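Values in this document were obtained by computation on a predicted structure and should not be read as measured data. A, B, ... follow the sequence lines: proteins, then strands. Residue 1 opens every chain.
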Protein chains: 2
Amino acid sequence: MKITIKDIARIAEVSTATVSMILNNKGNNISSATREKVMRVAKENNYIPNTMARSLVTRKTKTIGLVIPDIANPFFPELARGAEDKANEAGYSIIYCNTDDDLEKEEKYINMLSEKMVDGIVFTNSAKRTGGLSPVDRGCIPVILIDRDLESKNIKGRVLIDNLEAAYKAVSHLIRRGRKNIVFITGALTSTTAKDRHEGYKKALKDNAIKYNEKYVKAGEFRSDWGIIATNQILDEGLPFDAVFCGNDLIAISVLKVLKSRGYSIPKDISVVGFDDIYMASVIEPGLTTIKQPNYEMGYIAVEMLIDTLEKPELLIEQRSVILETELIVRSST
Amino acid sequence: MKITIKDIARIAEVSTATVSMILNNKGNNISSATREKVMRVAKENNYIPNTMARSLVTRKTKTIGLVIPDIANPFFPELARGAEDKANEAGYSIIYCNTDDDLEKEEKYINMLSEKMVDGIVFTNSAKRTGGLSPVDRGCIPVILIDRDLESKNIKGRVLIDNLEAAYKAVSHLIRRGRKNIVFITGALTSTTAKDRHEGYKKALKDNAIKYNEKYVKAGEFRSDWGIIATNQILDEGLPFDAVFCGNDLIAISVLKVLKSRGYSIPKDISVVGFDDIYMASVIEPGLTTIKQPNYEMGYIAVEMLIDTLEKPELLIEQRSVILETELIVRSST
DNA sequence: CTGAAAGCGCTAACAT
DNA sequence: ATGTTAGCGCTTTCAG
């Protein structure tokens, strides 16, 4: 049988109000005698507060939703870990959801989180949303955006990286290494991420007086299968190229694989650059040159921002943005 | 302003009880006229049920806890994904927690989950627990164990693999390939997982008339750092060996790395076998021979079992166990 | 310094 | 076929 605040009140011979105040360190003037007594009784009976009941009245659940495309994509576990660590530090817990970039699932999950009355949501917007109202618009739950941008009310903050600048760094690096015909294989250009990286790619070419050629751009999905398909495509099309810049490491690793299996030497014949710096990038051979994103920090900071917003009502109005630094990690694939 | 059941009752000119029944498909005899009316009013006003209030009375939260060591360990994301998929199918959501195999954190999280009144917990027991009461013992929340075994009341089921048999398969494979001096690098032998794999290792040696030598066993942690340390140790100790069986792929990948950097040729000089078959195992070079564990299924089945237990009270008494099949994946490291 | 009482939004007997 | 009512366990005025 679960012990309630009522039982404690009865045993300690005080009122439930007193017990409640003591257990929450609220009452400013409660004799230390009763305080200790109540504490003791609570301890002795192994009292576990019922957060449902509490939330019902306080309208706070100390729970936040984490909505990401897929935890099995190596980009996200670190991020999820950062988020959970910060949440835990602050006494929050995390409900996590995988959308697979599917708009219906996204909708369903946001509704579910509304019903569960999460205090806020850390959200990676689907790469497939091309417009229309995001489900986060409907409710009134504060949202922190992560990785991918999106315009909407309810958005209280953003944790992003400068994708344009990062792509620019990567492609410039390739050019400095003497490469001129650079293929760009990436995810759907509907996502702001892919779009900005595309811009960075173009800008680097332009600043180095290399003509942009649409045929060198292969936009599909941020998945390893797409890396395989796109590499074979570009190879079969017969356009000459001496480097590949990839929208993420998963793609880059597939590119490496296909290229090697078709007899190319990396980086002698073709250089490859990835994006994300997942653990695998340092393990494969040749080591993958890539852009390091601070995944753990992204998750951590997003939750920090969210909790800040929640607990400091004066911050509830303003939007905040953090652009995290990326770093070019040079390995032997270039 | 949030719409409540009361508002709907007022607008639709019925009682809250009626509204409640309709919204939950409960009342067996309600005129379709009122039913439709209530449904319409609910839709029109964008009614979102308050699960707190509901849970408070039903004592069910439709939430389950997933307690694992570390989502950033590549073994777990797939498992977490399987768990979430099944939970989602059944209308449950998942609160996820990382314990880092730390007993204090484990305790803290289990308490937190009790307060949040999760309906059940899917739990990977810390590899460091050597005895004493697990925090899952204290409460009365049904628990499904995953990956690592543990004895305790409240445990309603287990989803495991036959680690002994799997290790036996792996080591036998090495022996068939002509290897005789097989090093075993693994995590702490306090975990049932490491222990059983150790037994399998010993059994395979014995069945092939190879003497077991303690010096060939390096038990530390299931982490890549440990792979590096242990490999260097064994190399420096100067014992001759021609194969390494690793407690997991993370370790195996480190072993591969160190071995290569110290000039050994794989598998010519030394064969390496891992355990888990994480994605990386197929990507690195040489491809890592390993034992494939059905991670996704483990998560999926664990949640399935949990929900079954929760929703069919007649199952609440009996314990259930599933031992999933493993498979030896032969790649070029052997 | 402490208690009484109202009510958060919902469900589930029990009435009608 | 629908309404009345009593809580679920907790917090929070408002009195005393």
Side-chain angles (χ1 to χ4, degrees), chain A residues 1-39 41-42 45-63 91 114-119 139-140, chain B residues 1-42 45-63 91 112 114-119 139-140:
Chain A
M1 203 42 228
K2 274 272 183 60
I3 288 296
T4 76
I5 209 179
K6 237 172 169 170
D7 301 315
I8 298 188
R10 192 170 29 72
I11 300 172
E13 298 175 293
V14 293
S15 78
T16 61
T18 311
V19 176
S20 172
M21 299 187 119
I22 292 173
L23 260 26
N24 294 300
N25 294 316
K26 278 257 179 87
N28 10 1
N29 34 12
I30 283 176
S31 74
S32 54
T34 35
R35 163 162 272 120
E36 271 163 38
K37 188 172 183 187
V38 167
M39 290 303 245
V41 173
N45 293 288
N46 233 311
Y47 171 68
I48 296 180
N50 180 327
T51 32
M52 298 291 121
R54 172 181 296 158
S55 298
L56 191 55
V57 22
T58 61
R59 344 228 75 216
K60 295 203 166 11
T61 52
K62 288 269 195 177
T63 303
S114 303
E115 295 187 7
K116 290 255 156 101
M117 304 239 300
V118 295
D119 295 338
C140 51
Chain B
M1 203 42 227
K2 274 271 182 59
I3 288 295
T4 75
I5 209 180
K6 238 173 169 169
D7 301 315
I8 297 188
R10 192 171 29 73
I11 299 173
E13 299 174 293
V14 293
S15 78
T16 62
T18 311
V19 176
S20 173
M21 299 186 118
I22 292 173
L23 261 25
N24 294 300
N25 295 316
K26 280 254 179 90
N28 8 1
N29 34 12
I30 282 176
S31 76
S32 55
T34 34
R35 163 161 271 120
E36 270 163 37
K37 188 172 184 188
V38 167
M39 289 303 244
R40 193 169 39 73
V41 173
N45 293 290
N46 232 311
Y47 171 69
I48 296 180
N50 181 328
T51 32
M52 298 292 120
R54 172 180 297 158
S55 298
L56 192 54
V57 22
T58 60
R59 344 228 74 219
K60 297 206 165 8
T61 52
K62 288 271 196 175
T63 304
M112 183 272 279
S114 303
E115 295 187 8
K116 291 254 156 104
M117 306 240 299
V118 295
D119 294 339
C140 51

Legend entry - Length of the line joining Asp7(B):CG and dC8(C):P, which is rounded to integer Å: 11 Å

Inset, instruction - Report the residues that fulfil side-chain hydrogen bond (donor to acceptor under 3.5 Å, both in side chains) with Ser114(A), sequence neighbours left out, ordered by chain and then residue number. - result: none

Inset, instruction - Can you figure out which of dT12(D), dC8(D), dC8(C) approaches the side chain of Lys6(A) most closely? - result: dC8(D)

Report each atom pair, protein N/O against N/O of nucleotides 2-5 of chain D, whose distance is under 3.5 angstrom.
{"residue": "dT2(D)", "atom": "OP1", "partner": "Ser31(B)", "partner atom": "OG", "Å": "3.2"}
{"residue": "dT2(D)", "atom": "OP1", "partner": "Thr34(B)", "partner atom": "OG1", "Å": "3.3"}
{"residue": "dT2(D)", "atom": "OP2", "partner": "Ser31(B)", "partner atom": "N", "Å": "2.8"}
{"residue": "dT2(D)", "atom": "OP2", "partner": "Ser31(B)", "partner atom": "OG", "Å": "3.3"}
{"residue": "dT2(D)", "atom": "OP2", "partner": "Thr34(B)", "partner atom": "OG1", "Å": "2.9"}
{"residue": "dG3(D)", "atom": "OP2", "partner": "Ser15(B)", "partner atom": "N", "Å": "2.5"}
{"residue": "dG3(D)", "atom": "OP2", "partner": "Ser15(B)", "partner atom": "OG", "Å": "3.4"}
{"residue": "dG3(D)", "atom": "OP2", "partner": "Thr18(B)", "partner atom": "OG1", "Å": "3.1"}

Legend entry - Set of side-chain hydrogen bond (donor to acceptor under 3.5 Å, both in side chains) partners for Thr16(B), sequence neighbours left out: none

Legend entry - Sub-4.0 Å heavy-atom contacts from residues 49-57 of chain B onto DNA chain D, ordered by number: Leu56(B), Val57(B)

Legend entry - Closest to side chain of Asn24(A), choosing from dC10(C), dG9(D), dT11(D): dT11(D)

Legend entry - The single option from Asn24(B), Thr61(B), Ile5(B) passing side chain to side chain contact (heavy atoms under 4.5 Å, CB included) against Arg54(B): Asn24(B)

Legend entry - N or O in side chain of Tyr47(B) less than 4.0 angstrom from dC10(C) OP1/OP2: yes

Inset, instruction - Check side-chain hydrogen bond (donor to acceptor under 3.5 Å, both in side chains) between Asp7(B) and all other residues, then give those that pass, not counting sequence neighbours. - result: Thr4(B), Arg10(B)

Inset, instruction - Not counting sequence neighbours, which residues clear side-chain hydrogen bond (donor to acceptor under 3.5 Å, both in side chains) with Thr58(A)? List them please. - result: none

Inset, instruction - Let me know the distance between CD1 of Ile22(B) and C1' of dA12(C), rounded to the nearest Å. - result: 16 Å

Inset, instruction - Look at Ser20(B) and dT11(C) and indicate whether a side-chain polar atom (N or O) is within less than 4.0 Å of OP1 or OP2. - result: yes

